[in-house]
Amino acid sequence: MRLRFAPSPTGYLHVGGARTAVFNWLIARNGGGTFVLRVEDTDRARSSDEHTQVILDGLTWLGVDWDEGPFFQSEGVERHRADAYRLLEEGKAYRDFSDSEAVRAEAQERGMHPSRVAREKMQELGAEETERRAEAGEPFAIRLLVPDGETVFHDLVHGEMHFGNEDIDDLVILRSDGTPTYNLAVVSDDAEMRITHVLRGDDHLSNTPKQVLLYRALGYSEPVFAHVPLILGADGKKLSKRHGATAVGDYSKEGILPEAMMNFLALLGWSPGDDREFMTRDELIEAFSTDRLLKSASVFDTDKLAWLNGRHLAEHPDAELVAHVRGILDEEESFRPELLGDTEWIGELLEVIKPRARTLDDLADQARPFLCDELHFESKAVAKHWEKDPTSAIDRLDALLDAFDGISWTREDLETALRTRAAAMDVSAGKLIHPLRVSLTGNMASPGIFDVLALLGRERSRNRMEDGVERIRRR
RNA sequence: GCCCCGGUCGUCUAAUGGUUAGGACACCAGGUUUUCAACCUGGCAAUCGGAGUUCGAUUCUCCGUCGGGGUACCA
């Protein structure tokens with residue numbers, strides 16, 4: 001089994017393309033096949049090395065690795081050209097000297113397809129004249145001469161497909177400037193690379209009969225086709241930039257984990273058949289099969305992706321999470337990277353912040369009060385728990401400073417001390433906890449307050465509490 | 001216009017010629033709790049419409065409708 005992913009480097013790696021890549025990769029890995037990467041850069045004007053690199057990086061990030069390539073379609077132009085000329089010599093294609101603009105206008109006028117007008121012109125011209133003009137160096141395009149009849153092929157997703165050849169135009173296979181067109185290039189390349197399974201987006205379904213005709217005309221053996229449905233935006237329209245993030249790179253920037261992205265993408269247009277949704281890479285490879293591919297388009301639901309990411313986050317190795325958090329917090333001036341060295345402490349921290357985070361960005365936000373000295377005070381928290389009743393807030397922080405004085409700094413003892421003091425003051429524990437949380441984290445919400453105290457340690461906690469008292473006084 | 005593809009809760013999906021049409025995300029309610037999450041319990045919610053085949057169709061067929069793709073000397 002030989003499969004391929006063949007993106008054109010005219011933009012970033014779109015999630016739809018990424019999903020196609022994932023499907024191909026999954027099939028290859030599941031069945032011991034070979035996965036080939038081919039960059040379709042025949043459209044020179046729109047292609048760039050930069051885009052190619054972005055696409056390669058995106059695949060690598062996702063964990064989609066290739067066994068062969070990347071090959072570049074532009075490297076095969078000589079072969080493409082040779083294929084086109086062979087068809088010409090064999091009478092399966094013809095020269096088209098006409099001006100494409102004029103032909104299109106005429107076709108429009110006569111209600112015909114442009115290629116049929118071109119075919120008519122070719123026939124009017126006659127073989128001799130055609131030959132003469134070619135020898136005189138007049139430029140021409142080469143069109144495939146579509147035979148009468150019907151083109152039938154099998155699609156793994158859609159079943160047997162029938163197309164009447166009268167609906168297939170005599171497509172240009174070689175432009176008048178000598179460059180091959182897409183349909184010829186893919187067929188020639190897929191044949192050359194001995195691709196056995198072509199799985200791609202539904203948008204290529206209508207191209208397939210043309211390509212099948214090309215395979216047959218060239219005498220190349222046809223691959224098995226599978227056309228997977230498209231991915232839509234939340235409004236049910238084709239996913240585009242106005243839906244927000246559509247590039248794989250956008251999601252990596254937002255703190256989505258690659259294994260979560262792959263998991264989510266695999267579930268768009270495919271399902272394992274049971275109720276499993278959270279799946280590791282290995283589980284996906286194990287479970288994947290083309291016969292469970294779906295026919296209908298699906299909507300890219302970022303909420304579900306976020307949920308899935310949270311699940312993967314919980315299973316992700318701590319060391320890597322720490323590296324990500326460091327990357328994000330490095331921007332922060334008061335960041336103290338040396339704290340990351342204490343693996344036991346970091347482990348405890350991650351344990352309490354992981355369930356509160358869905359993305360790596362969330363995780364960094366949660367970790368910030370513990371890893372940075374400078375707090376970002378949430379105005380809502382300050383207003384509610386400090387400013388509404390500043391006197392009580394100060395009293396309560398002072399009381400806690402006193403209550404915590406000299407005790408062993410453990411979750412249990414801290415809790416006992418706080419609750420005892422609350423009882424003595426005849427207030428609920430929450431009344432002490434809320435202003436305390438603001439002083440320790442600057443936030444409205446945080447992990448359990450005794451976890452926060454323990455994680456911060458005596459020194460940093462007391463400093464922040466004292467600083468809190470100062471801040472309230474100054475207001 | 002012509003050709004082609006598709007249509008199960010808001011979303012991702014499961015299922016079968018006969019089921020109370022299942023699960024998940026989201027949402028709502030309750031529990032837990034110092035907050036926010038996480039977690040537990042419960043709830044809301046779907047077979048695009050119309051014919052036909054059949055004892056019985058969500059499932060099979062046709063028509064319609066809606067959505068999508070193609071119809072380039074783009075890929």
Side-chain angles (χ1 to χ4, degrees), chain A residues 6-10 40-43 45-47 73 96 98-101 103-104 111 113-115 118 139-143 155 157-158 161-164 166-169 171-183 185-186 201-210 227 229-230 232 234 236-238 264 267-278 292 294-308 310 314 352-358 362 366 381 385 415 418-419 422 428-434 436-438 441 443-450 452:
Chain A
S8 46
T10 53
E40 312 228 306
D41 59 345
T42 45
D43 184 0
R46 291 198 296 150
S47 301
Q73 192 154 60
D96 176 7
S98 53
D99 172 66
S100 60
E101 288 302 317
V103 167
R104 206 177 308 173
H113 193 279
S115 74
F140 57 86
I142 297 180
R143 285 184 186 272
D155 187 286
V157 177
H158 297 281
M161 300 292 305
H162 296 252
F163 288 82
E166 65 279 6
D167 293 318
I168 303 173
D169 55 288
L171 59 146
V172 167
I173 54 179
L174 198 71
R175 298 186 189 95
S176 47
D177 66 359
T179 60
T181 59
Y182 166 74
N183 283 301
V186 245
D202 248 352
D203 49 341
H204 287 287
L205 196 50
S206 304
N207 281 324
T208 309
K210 301 174 196 171
H227 288 93
L230 265 21
L232 312 175
K237 303 283 183 195
K238 191 182 172 183
F264 179 70
L267 257 22
L268 247 32
W270 176 82
S271 89
D274 48 38
D275 284 338
R276 277 184 297 169
E277 297 204 282
F278 173 84
R292 294 204 61 88
L294 258 25
K295 292 182 164 91
S296 55
S298 42
V299 172
F300 194 90
D301 180 5
T302 49
D303 276 338
K304 192 146 187 172
L305 171 60
W307 167 76
L308 210 42
V352 300
I353 63 176
K354 271 202 286 194
R356 274 159 247 268
R358 291 193 140 192
D362 286 347
Q366 294 283 339
H385 298 303
E415 179 158 8
L418 184 141
R419 291 195 188 284
S428 68
K431 292 282 188 234
L432 299 186
I433 288 170
H434 294 307
L436 175 61
R437 168 172 292 112
V438 178
T441 68
N443 294 328
M444 198 81 165
S446 80
I449 200 71
F450 306 109
V452 175

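The sequence lines fix the lettering, A, B, ..., with proteins before strands; numbering per chain opens at 1. Note that these values count all heavy atoms, side chains included, but never hydrogens, waters or copies made by symmetry.
Aromatic ring orientation, F264(A) versus F300(A): perpendicular (interplanar angle above 60°, classes split at 30° and 60°).
The CG atom of D167(A) sits 10 Å away from the C1' atom of U71(B) (whole-angstrom rounding). The nearest whole Å value for the distance from the CG atom in N183(A) to the C1' atom in C73(B) is 12 Å. What separates CG of L308(A) from P of C25(B) is a distance of 10 Å, to the nearest Å. To the nearest angstrom, C1' of A75(B) lies 7 Å from NE2 of H204(A). Atom CH2 in W270(A) sits about 10 Å away from atom P in A14(B), given to the nearest Å. Computed from coordinates, the R104(A) CZ to U71(B) C1' distance equals 12 Å when rounded to whole Å.
Residue contacts for T42(A): at a heavy-atom cut-off of 4.0 Å it reaches the sugar-phosphate backbone alone, with no base atom in range. The residue H113(A) sits close only to the backbone: its heavy atoms come under 4.0 Å of sugar-phosphate atoms, none of a base. Using a 4.0 Å heavy-atom cutoff across all strands shown, L232(A) reaches no nucleic acid atom at all. When heavy atoms are screened at a 4.0 angstrom cut-off, R276(A) is found touching no nucleic acid atom at all. At a threshold of 4.0 angstrom between heavy atoms, the contacts of L268(A) are confined to the sugar-phosphate backbone, with no base atom among them. Across all strands, T302(A) comes closer than 4.0 Å to no nucleic acid atom at all (heavy-atom distances). Note on D275(A): a base of the nucleic acid sits closer than 4.0 angstrom, heavy atoms only. S8(A) comes within contact range of the sugar-phosphate backbone alone, with a heavy-atom separation under 4.0 Å but no base atom that close. Within the nucleic acid shown, R143(A) comes within 4.0 Å of sugar-phosphate atoms alone, with no base atom in reach, counting heavy atoms only. Counting any heavy atom pair closer than 4.0 Å across all strands shown, E40(A) reaches sugar-phosphate atoms only and no base atom. Counting any heavy atom pair closer than 4.0 Å across all strands shown, S100(A) reaches a base atom.
Across all strands shown, A75(B) has no partner, as no Watson-Crick or G-U wobble contact with both distances under 3.5 Å is found. For A15(B), there is no paired base (Watson-Crick or G-U wobble, both distances below 3.5 Å). Of the nucleotides present, none pairs with U47(B) by Watson-Crick or G-U wobble criteria with both distances under 3.5 Å. Nucleotide A37(B) has no partner under the Watson-Crick or G-U criteria, as no pair reaches both atom distances under 3.5 Å. With a cut-off of 3.5 Å on both Watson-Crick or G-U wobble distances, the partner of U65(B) is given as G7(B).
Of the candidate nucleotides G69(B), A72(B), C12(B), G69(B) has the atom lying nearest to any side-chain atom of L230(A). Of all nucleotides listed (C3(B), U11(B), G70(B)), G70(B) comes nearest to the side chain of K210(A). Listed nucleotides A14(B), G70(B), C25(B) differ in distance to S271(A); the shortest reach to its side chain belongs to A14(B).
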Give me, pair by pair, the N or O atoms of the protein and of nucleotides 5-7 of chain B that are less than 3.5 Å apart, along with how far apart they are.
unit_1	atom_1	unit_2	atom_2	d
C5(B)	O3'	H158(A)	ND1	3.0

Enumerate all atom pairs, one protein N or O and one N or O from nucleotides 28-32 of chain B, separated by less than 3.5 Å.
none

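At a cut-off of 3.5 angstrom, counting only N and O atoms as typed in the model, there is a donor on one side and an acceptor on the other between the side-chain of N207(A) and the base of A75(B).
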(request) List the steps, then state whether side chain to side chain contact (heavy atoms under 4.5 Å, CB included) holds for K304(A) with L267(A). (result) CA-CA 11 Å; K304(A) 192 146 187 172; L267(A) 257 22; 6.0 Å; no
(message) Walk along nucleotides 33-38 of chain B from 5' to 3' and tag each nucleotide B, S or - by protein heavy-atom contact under 4.0 Å, base first, then sugar-phosphate.
(response) -BBBBS
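Spacing of C1' atoms, G23(B) relative to U61(B), comes out at 31 Å, to the nearest Å.
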